[in-house]
Amino acid sequence: GAKVDLQSNNGVSSLIMACREGHEEVVRILLSAGAKVDLQDENICLVDYEKIVDDRGVRQVAFGQYAGIAGMINILNGLGTRLLALGHHTPFMHVGLAHNYPGSSAAMAAIAALGREIECGLMSKGVGPVIFTFTGAGNVSQGAQSVFRQLPHEYISPKDIKEVATTGGTRKLYATVVDMADNLVRKDGRPFDETDYRAYPDQYTSIFAKDIAPYTTCLVNGLYWGPGSPRIITVEQCKELMPRDYHINASEGVPSLPQKLHAIADISCDMNGSLEFVNDVTSIDAPFVLYNAHTQKMSKSLDGNGILLMAVDNLPAQLPREATDFFGSKLLPFIPDCLQLGGQSLNVSNSVKNAVITHGGALTERFRYIHELRKKRKL
């Protein structure tokens, strides 16, 4: 019979290839035929590029910037579509999805063009001041903000968001960047301390849903969330951000809007994470759903009561050439070290050494905890 553990020239097994391509039936056949699932069964060196970090712990190889760029382009399109469903035509309608452009520069040129429409006063007055709230300070948030800055804008402090939501103009957009100190408070009332928070995240709670979300038009979420950390919006809090029921009054020339928060781009895509109600991803083909917190249902139709939600987890694929070139340029400096890993020693830079999961048929010291995880999960 056929060899179920046959590998390609670059060491990729049939099982890994089937998993990568999403062929579930093939995976089941290979497993039932005895295909090996443990990389330690072979003398394989496994490097996790996400673990390649510098001395400060900052990731050196990542797609995050392009996830932010593509996600921001998409959510401008989604926001325009949602506002149109609510009876308001806005310049955002002129933005396509990221993969409809030959590259990010073409997308940004189109976005800059619609920015001139906003400057000329073509934003619907009924929408009011449009405020984008960015969470996170990493590559995702920076990529998203690089797109936003193509539009006429003003950055504001999170402390001023309530006032600007009432008094701001419509010939420019507003942005606020929310960091940990802006939305986390210690439960016992003591001031926020980042070192203390890292050690005891369960002792903190978020005020985001009360003090920031009600005045935000579009939330662009780039937060990393870990179990035990406070959520910025829970299901119950989301119910407070939207009415229980809403129907457009067709007799109104400019229909009133049901709430301030109309769109969320969850670029981080942590399921049941910082946004508790995000429990499934959306796709590039169908990037948006309408979330109703009261019914806890996701609708493919963007009409009706709810908040538009995007949770695409492979956003860089919408800008494939640029994202690949960018990723390759970041990985290339580490390739010489990676090529030295075929021997018995790990005499390479700390950045690569600390990212090696298996070497010489065994887990490296930093990743030996995987043994215990596998025992608990009976793998």
Side-chain angles (χ1 to χ4, degrees), residues 48 50-51 53-54 56-59 62-65 67-68 71 75 132-145 157-159 161 176-216 218-241 261 263-282 291 293 296 307 309-313 315 354 366-367 369-370 372-373 376-377:
D48 185 351
E50 291 190 356
K51 298 296 184 180
V53 299
D54 63 14
R56 298 169 299 161
V58 178
R59 282 180 59 183
F63 281 111
Q65 179 178 333
I75 203 61
F132 286 80
T133 295
F134 297 90
T135 59
N139 293 328
V140 168
S141 182
Q142 294 303 317
Q145 289 180 63
S157 165
K159 296 177 181 178
I161 190 172
T176 189
V177 180
V178 177
D179 62 21
M180 291 186 291
D182 295 317
N183 92 99
L184 295 174
V185 295
R186 194 173 166 91
K187 293 176 181 177
D188 61 9
R190 283 190 285 165
F192 173 81
D193 179 87
E194 184 173 351
T195 302
D196 181 65
Y197 170 70
R198 299 289 187 190
Y200 309 103
D202 59 318
Q203 297 301 309
Y204 287 79
T205 188
S206 173
I207 58 173
F208 185 92
K210 178 174 68 74
D211 291 355
I212 298 172
Y215 313 105
T216 295
C218 179
L219 167 61
V220 182
N221 185 34
L223 279 179
Y224 166 78
W225 185 85
S229 302
R231 292 183 167 92
I232 60 173
I233 305 179
T234 65
V235 171
E236 292 302 313
Q237 290 170 334
C238 195
K239 292 178 181 179
E240 299 296 320
L241 296 172
L261 181 59
I264 297 174
D266 188 13
I267 302 177
S268 294
C269 281
D270 291 319
M271 297 297 100
N272 304 112
S274 59
L275 301 171
E276 185 182 25
F277 46 88
V278 179
N279 53 31
D280 199 3
V281 297
T282 57
Y291 172 67
Q296 295 190 41
I307 298 172
L309 173 66
M310 181 194 75
V312 177
D313 65 351
L315 286 165
N354 292 335
R366 291 170 60 90
F367 294 95
Y369 69 89
I370 293 176
E372 297 304 317
L373 288 179
K376 289 179 181 178
R377 298 176 184 179

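Quick caveat: nothing in here was measured; it's all calculated off a predicted structure.
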- Message: Taking I212's backbone N and O only, do any of them form a donor-acceptor pair with T216's side chain (distance below 3.5 Å, no angle check)?
- Response: yes
- Report the relative orientation of the aromatic rings in F132 and F134; use parallel for angles under 30°, tilted for 30 to 60°, perpendicular for over 60°. parallel
- Are any non-hydrogen side-chain atoms of S141 and T135 less than 4.5 angstrom apart? no
- Message: Please enumerate all residues that pass side chain to side chain donor-acceptor pair (under 3.5 Å) together with T234, with sequence neighbours excluded.
- Response: Q237
- Could you give the distance from CG (D193) to CD (Q203), rounded to the nearest 0.5 Å? 13.0 Å
- Message: Tell me the closest heavy-atom pair linking I233 and A213, and the distance in Å.
- Response: CD1-CB, 4.2 Å
- Message: Treating D270 as the side-chain partner and W225 as the backbone partner, does any N or O pair qualify as donor plus acceptor under 3.5 Å?
- Response: yes
- Message: Can you confirm whether Q65 sits close enough to Q142 that some side-chain heavy atom of one is under 4.5 Å from a side-chain heavy atom of the other?
- Response: no
- Message: Taking the side chain as everything from C-beta on, heavy atoms only, tell me whether P230 gets closer than 4.5 Å to Y197.
- Response: yes
- Task: Identify the heavy atoms of D202 and K187 that sit nearest to each other, and give their distance.
- Result: O-NZ, 2.8 Å
- Task: Taking the side chain as every heavy atom from C-beta outward, state whether I267 and V220 have any atom pair closer than 4.5 Å.
- Result: yes
- Note on the structure: Between R366 and N354, the two heavy atoms sitting closest are NE-O, 3.3 Å
- Step-by-step side chain to side chain contact (heavy atoms under 4.5 Å, CB included) determination, V278 to I264: CA-CA 10 Å; V278 179; I264 297 174; 6.0 Å; no
- Of all the heavy-atom pairs spanning A311 and D280, show the shortest one and how long it is. CB-O, 4.0 Å
- Message: Regarding S268 and N221, do their side chains bring together a donor and an acceptor under 3.5 Å, going by distance alone?
- Response: no
- Identify the two heavy atoms, one from S206 and one from R231, that lie closest to each other, and give their separation to 0.1 Å. CB-O, 3.4 Å
- Message: Taking the side chain as everything from C-beta on, heavy atoms only, tell me whether F192 gets closer than 4.5 Å to N183.
- Response: no
- Item | Value rounded to 0.5 Å, distance of CG in D211 from NZ in K159 | 11.5 Å
- Query: Take atom NZ in K239; do more than 12 heavy atoms of anything else shown fall under 6.0 Å from it?
  - Reply: yes
- If we only count heavy atoms from C-beta on, is the T282 to L309 side-chain gap below 4.5 Å? no
- Query: Is there a side-chain contact between S274 and F208 (heavy atoms, below 4.5 Å)?
  - Reply: no
- Message: I need the T176 OG1 to I161 CD1 distance, nearest 0.5 Å.
- Response: 5.5 Å
- Task: Tell me, please, which residues at least two apart from D196 pass side chain to side chain donor-acceptor pair (under 3.5 Å).
- Result: R186, Y204
- Smallest heavy-atom separation, A263 atom then I75 atom, equals CB-CD1, 4.2 Å
- Is M180 close to R198 at the side-chain level, that is, under 4.5 Å between some pair of heavy atoms? yes
- For E276, which residues count as a side chain to side chain donor-acceptor pair (under 3.5 Å) partner, sequence neighbours excluded? none
- Item | R59 and N139: CA distance, side-chain angles, deciding distance, side chain to side chain contact (heavy atoms under 4.5 Å, CB included) verdict | CA-CA 10 Å; R59 282 180 59 183; N139 293 328; 5.6 Å; no
